[in-house]
Amino acid sequence: MTDLTTSSGGAASGQTGISSADLGLRRRHRKELRLKILGMAAILFAATMLFILLASIVSSGYKAFTQTHLELEIEVQEDLIPADNPARGDYQAMVEAALLDYYPDAADDERRAITSILSSGAALKLRDNVLSDPDLIGTQTTVNVPVSDNYDQLNKDLLDRDLPENRRRLDDSQIAYFDRLEDAGIVSAPINWTLVTAADSRFPELAGLKGALIGSFWALLVCFLISFPLGIGAAIYLEEFAKKNRTSDFIEVNINNLAAVPSVVFGLLALAVFLGWFGMPRSAPLVGGMTLALMTMPTIIISTRAALKAVPPSIREAALGVGASKHQVVFGHVLPLAMPGILTGTIIGLAQALGETAPLLLIGMNAFITSAPASPVDAATALPTQIYIWADSPERGFVSRTSAAIMVLLTFLVAMNALAIFLRSKFERRW
Amino acid sequence: MTTLAFALLFVLACTGYVMNRRAAQAIWADGTRLHSLSNFHGLYSLLLVVIPIFVLIILWLLLAPFVINAITVASLPADVMSEASSGQAQLILAEISSIAGGRVFGDPEPWKIDAANRLVFLNEASSYALVAAVVVLGAALAYFARQRVSAEFRARQRVETMVSGLMIFCATVAIFTTIGIIAALVFETWKFFSMVPFTEFLFGLNWEPQIPIREGQIAGAGAFGWLPVILGTLVITAVALIVAVPTGLMSAIYLNEFAPKSVRSVVKPFLEILAGVPTVVYGFFAILVVAPAIRSFGQSIGLDVSPNTALAAGSVMGVMLIPFISSFADDALSAVPNALREGSLAMGATRGEMMTTVLFPAAIPGIVGGVLLAVSRAIGETMIVVMAAGLIAKMTINPLDSVTTVTVQIVTLLIGDTSFDNPKTLAAFALGLMLFLVTLLINVFALRIVRKYREAYD
């Protein structure tokens with residue numbers, strides 16, 4: 001009896017022991033699960049942020065890829081165009097007359113409000129048409145002219161008609177004027193080629209990215225021409241030739257530190273040295289490219305060294321063995337084998353340089369420039385600085401245009417990175 | 001004309017290369033054994049022409065404007081220049097060069113037009129002289145190189161010495177850049193501290209750089225205490241880290257230990273996308289989405305939120321830093337030796353326990369290094385704060401208030417104003433020097449931690 005009790009007691013106590021260990025294990029697994037869930041939540045948070053970022057940019061930006069136009073029947077009046085200088089004709093009056101045809105009963109003060117529907121680019125468009133085809137003078141011609149920003153917003157439903165009148169940018173009568181044009185069927189919203197064929201403008205409907213694209217192209221070209229040879233030269237020297245001593249250590253420390261210096265400091269360097277001491281032109285892509293080159297060089301050096309390191313020593317030894325000099329080994333064998341890796345690193349470095357803004361602001365590449373640069377020493381903007389300028393502009397139309405410019409910039413970055421990935425997967429060899 | 005100079009340089013170098021190569025091949029065809037391959041004879045001529053002439057063109061382009069300006073100034077009527085202060089002299093010179101460029105405003109005095117004509121003449125003369133110098137010197141060097149071609153000439157060694165010299169020059173560019181940064185910052189900061197006392201900058205509690213430029217202009221008296229600026233920077237950095245550190249660490253822990261390979265191979269590149277987005281895009285995101293969202297949320301619970309809060313700028317910056325911290329933590333966790341991992345599993349630890357009690361503590365130094373690097377990035381980050389943070393320096397640690405940062409001040413002080421003689425612009429360089437030193441210190445310290453830790457396990 002006692003035995004039984006003890007044994008059953010022992011079994012019971014043993015059972016409770018197991019179940020408490022079980023409980024403990026379950027608790028410990030719950031803990032692990034919590035850790036897992038936290039990790040997934042963190043990744044989900046990052047993913048959500050990226051999604052919101054892209055979604056907000058696309059949803060506000062896609063509307064900038066169209067622009068509201070009016071199809072106007074314009075009579076090109078001969079008496080308004082001086083024969084000796086057709087460029088100075090009063091095209092504004094002709095466009096306004098064509099528009100006012102739709103409002104035969106408008107009073108004088110209404111006419112002013114009505115003509116504000118037209119963008120100031122409308123008359124310019126007519127002028128360009130007439131200048132390229134002088135036969136138009138004295139005839140009727142159909143021209144698609146842009147409307148000004150507020151009406152563009154109205155047509156794209158970006159302007160809320162239900163708001164109280166005093167909080168809207170357009171009052172009821174202005175909206176009524178525009179609706180009459182819409183009823184007449186002359187309002188259309190074709191693709192906004194102005195966005196890539198025009199340079200900057202104060203008027204959103206006339207502003208484009210051409211100047212910024214060309215400015216960025218020049219700056220990147222200069223950046224590449226400087227940083228690529230310098231970076232490769234430095235990397236080869238440090239990796240293949242330099243003896244391990246204080247000097248080469250010092251250079252290495254320098255390069256690693258340069259890679260981590262805030263970009264705005266490079267802007268200060270360019271402002272004080274390139275513009276201040278050397279007297280180089282302000283706002284020039286040449287100076288921008290030189291500044292970006294100094295920032296890109298550490299990236300190129302680091303990736304070139306990694307690519308050189310990846311070439312196996314057997315290649316070097318074989319070449320040395322058949323009598324090549326050290327230079328012949330490096331330039332004839334190691335460098336060509338390392339080239340895919342070097343190019344990948346260079347493209348990634350250039351992509352970073354393309355998105356860099358702060359140093360360009362300091363050397364004045366955020367100026368308001370209405371013509372595309374013809375050479376690298378002309379004043380220009382770059383894509384990221386143009387985004388900054390537009391983001392700072394008060395006109396509503398620039399919000400969607402900023403997003404559109406960001407989409408253009410991101411497209412270029414994606415393309416460059418895709419090219420880098422392609423190069424890496426296509427040409428990289430593993431030994 | 002510069003393009004022509006470069007084109008001529010190219011032509012001369014190619015000619016020299018071909019001539020030398022042909023000459024060497026001719027010797028070889030005669031049956032004589034060459035010391036160096038004919039290609040090296042060609043390269044010898046090429047490098048001998050290109051290096052000195054390239055340096056000549058660059059130096060000419062840099063120095064010619066100064067020489068031309070000096071000659072123009074010296075030829076001005078003596079009574080004009082003796083009366084003018086240095087600022088007026090600059091203005092006169094600018095006017096003359098704009099007349100020379102064809103932009104004539106009003107009715108300039110005849111001596112200015114004379115000077116402008118002289119300037120035009122000197123500019124043209126200089127570019128013709130450059131082209132002439134390139135041609136003469138280039139031809140002379142190519143001729144000299146051609147004369148040296150012989151069977152015994154050690155062309156390969158010469159070429160390799162020159163190439164080595166070029167590579168050493170490339171490597172020293174990094175040093176020159178660092179020297180340039182330090183020299184520029186220290187030089188301008190020195191000028192700043194001759195106008196504003198050092199102690200005021202370091203300990204002052206007021207930052208109002210808007211000083212009157214003209215007499216009678218309405219502006220603040222000008223105060224240059226950097227403490228509110230650095231405090232604002234710290235507030236935004238703190239917000240960014242509060243967002244980035246837990247998210248980055250948690251995602252690194254998950255990716256390192258728990259994620260299946262397929263998930264890992266998707267999530268890692270996607271985090272890199274987050275790191276590759278340009279900061280100006282993050283800045284626009286902050287003003288377009290995050291700031292209005294925070295503001296309307298604040299109003300809905302009855303808080304007064306300023307339109308450009310430290311919270312908006314900081315949290316967006318935090319999102320930018322997530323991949324940075326995540327990849328550093330991932331590397332640090334991977335660097336922990338497998339023995340520790342397996343040992344703790346063998347003792348019966350769950351994978352979660354192994355992570356929290358063994359791996360994570362062992363990886364702490366590497367993670368701390370990564371976080372420090374993130375701090376230095378956050379301090380130096382410019383575009384997000386320029387677009388989303390405020391301009392007015394306040395002594396506050398309230399993240400719902402509008403604060404300013406060091407980088408914002410640098411950019412706003414320097415946009416559109418480059419005269420280096422007033423404390424307003426020079427203050428930007430003083431801030432820049434401080435920024436450079438602080439980030440440098442943090443970086444050196446962080447890299448040391450990371451390296452030391454790696455060595456411990458190798």
Side-chain angles (χ1 to χ4, degrees), chain A residues 28-29 31-32 35-36 38-40 42-43 45-47 49-50 52-53 56 60 230 233-234 236-238 241 251 254-258 260-265 268-269 271-273 275-276 278-279 282 294 297-298 325 327 355 357-358 361-362 366 384 387-388 391 402 406 409-410 413 417, chain B residues 62 65 156 160 163-164 166-168 170-171 173-175 177-178 180-181 184-185 188 247 250-251 253-254 258 267 270-271 273-274 276 278-281 284-285 287-289 319 322 350-353 355-356 376 380 382-383 387 407 410-411 414-415 418 420 429 432 435-436 439-440 443 447:
Chain A
R28 287 163 62 196
H29 278 297
K31 243 182 172 172
E32 183 181 293
L35 194 65
K36 258 183 173 172
L38 274 178
M40 285 193 267
I43 291 172
F45 172 73
M49 286 321 261
L50 182 66
I52 297 178
L53 172 78
S56 62
S60 88
L230 284 183
I236 294 178
Y237 177 72
L238 291 175
F241 292 96
I251 294 176
N254 250 309
I255 290 169
N256 287 336
N257 281 332
L258 276 186
V261 168
S263 59
V264 70
V265 172
L268 288 172
L269 164 80
L271 180 60
V273 176
L275 299 189
F278 292 166
R282 219 175 135 70
L294 294 181
M297 215 175 68
S325 74
H327 276 257
T357 323
L361 290 185
L362 293 194
N366 60 332
I387 290 169
Y388 172 69
T402 310
I406 288 177
L409 175 66
L410 290 181
L413 292 182
N417 281 298
Chain B
L62 280 181
R156 179 171 67 76
E160 288 180 356
V163 171
S164 293
L166 281 181
M167 288 193 301
I168 292 175
C170 293
V173 168
I175 297 182
T177 311
T178 312
I181 289 175
L185 293 178
E188 308 291 350
T247 325
M250 280 304 157
S251 58
I253 287 175
Y254 179 73
F258 302 110
V267 171
F270 137 79
L271 281 176
I273 298 179
L274 215 49
T279 53
V280 68
V281 178
F284 186 63
F285 176 60
I287 51 178
L288 183 72
V289 177
V319 172
I322 290 173
T350 63
R351 295 216 291 175
E353 284 163 348
M355 177 54 76
T356 47
S376 108
T382 309
M383 285 324 290
M387 294 170 86
T407 48
I410 292 176
V411 170
L414 287 179
I415 277 189
T418 44
F420 291 138
F429 284 92
L435 179 67
F436 179 72
T439 52
L440 185 72
N443 288 339
L447 286 178

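To find a chain, count down the sequence lines: A is the first, B the second, and so on, and within it residues start at 1.
Among the candidates B:Glu160, B:Arg156, B:Met250, the residue making the largest number of heavy-atom pairs closer than 4.5 Å to chain A is B:Glu160. When the candidates B:Val163, B:Asn443, B:Thr439, B:Thr177 are compared by the number of heavy-atom contacts under 4.5 Å with chain A, B:Thr177 comes out ahead. Chain B forms more heavy-atom pairs under 4.5 Å with one residue of A:Ile255, A:Thr402, A:Leu413, A:Val273 than with any other, namely A:Thr402. Among A:Ile52, A:Asn417, A:Leu410, A:Leu238, the residue making the largest number of heavy-atom pairs under 4.5 Å with chain B is A:Ile52. Contacts with chain B were tallied for A:Leu269, A:Leu53, A:Leu38; A:Leu53 has the most, counting heavy-atom pairs under 4.5 Å. Among B:Thr407, B:Ile322, B:Val280, the residue with the largest count of heavy-atom pairs under 4.5 Å with chain A is B:Val280. Taking chain A as the reference chain and counting heavy-atom pairs below 4.5 Å, the highest number among B:Ala184, B:Gly276, B:Ala174 is found for B:Ala174. Note: B:Ile410 leads B:Ile253, B:Ile410, B:Leu447, B:Thr356 in heavy-atom pairs under 4.5 Å with chain A. Ranked by non-hydrogen atom pairs under 4.5 Å with chain B, the options A:Asn256, A:Ile387, A:Asn254 are led by A:Asn254. Chosen from B:Leu185, B:Ile168, B:Val411, the residue pairing most often with chain A at heavy-atom distances under 4.5 Å is B:Ile168.
Residue B:Leu166: no heavy atom, backbone or side chain, is found under 4.5 Å from chain A. Using a 4.5 Å cut-off between heavy atoms, A:Leu258 touches chain B through its side chain atoms alone. Heavy atoms of B:Val267 lying under 4.5 Å from chain A belong exclusively to its side chain. Looking at A:Leu294, only its side chain comes within 4.5 Å of chain B, counting heavy atoms on both sides. Of the atoms belonging to B:Val289, it is side-chain heavy atoms, and not backbone ones, that fall under 4.5 Å from chain A. For A:Phe45, the part lying under 4.5 angstrom from a heavy atom of chain B is the side chain only. Only the side chain of A:Leu409 comes within contact range of chain B, with at least one heavy atom under 4.5 Å from a heavy atom of that chain. Both the backbone and the side chain of B:Ile181 come within contact range of chain A, with heavy atoms under 4.5 Å apart.
Residues B:Tyr254 and A:Lys36 come closest through the heavy atom pair CD1-O, 3.8 Å. Minimum heavy-atom separation, B:Gly432 to A:Val265: O-CG2, 4.3 Å. The two residues B:Pro278 and A:Gly355 have their closest heavy-atom pair at CB-O, 3.6 Å. Between A:Val264 and B:Gly380 the shortest heavy-atom distance is CG1-O, 4.5 Å. Annotation for A:Ala47 and B:Phe270: closest pair CA-CZ, 3.2 Å, computed over non-hydrogen atoms. What you find for A:Tyr237 and B:Ala171 is that their closest heavy atoms are CD2-CB, 3.9 Å.
Annotation: side chain of A:Pro262 is in contact with side chain of B:Leu435 (closest heavy-atom distance under 4.5 Å). Residues B:Met167 and A:His327 have side chains in contact (heavy-atom distance under 4.5 Å, counting atoms from C-beta outward). For the pair A:Ile251/B:Ile175, a side-chain contact is recorded, criterion being any heavy-atom separation below 4.5 Å from C-beta on. Looking at B:Phe258 and A:Leu35, their side chains come closer than 4.5 Å, going by heavy atoms from C-beta outward. Between B:Thr178 and A:Asn257 there is no side-chain heavy-atom pair separated by less than 4.5 Å. Looking at A:Ser56 and B:Phe285, their side chains come closer than 4.5 Å, going by heavy atoms from C-beta outward.
Of the charged side-chain nitrogens involved, none lies within less than 4.0 Å of a carboxylate oxygen, so that A:Lys31 and B:Glu353 do not count as a salt-bridged pair.
With values rounded to the nearest 0.5 angstrom, A:Glu32 atom CD is found 4.5 Å from B:Thr350 atom OG1. Once rounded to the nearest 0.5 Å, the distance linking CZ of B:Phe436 with CG of A:Leu268 reads 11.0 Å. Here B:Leu274 contributes atom CG and A:Met49 contributes atom CE; the two are 9.0 Å apart, rounded to the nearest 0.5 Å. Between the CD1 atom in A:Ile406 and the CG atom in B:Leu288 there is a gap of 8.0 Å [rounded to 0.5 Å]. Interatomic distance, CD1 of B:Ile415 versus CG of A:Leu361, reported as 5.0 Å (0.5 Å rounding). Here the OG-CD1 distance, from B:Ser164 to A:Ile236, works out to 10.5 Å after rounding to the nearest 0.5 Å.
Qualifying ring-ring contact (aromatic ring centres under 6.0 Å, His included) partners for A:Phe278, counting only residues two or more places apart in sequence or in other chains: none.
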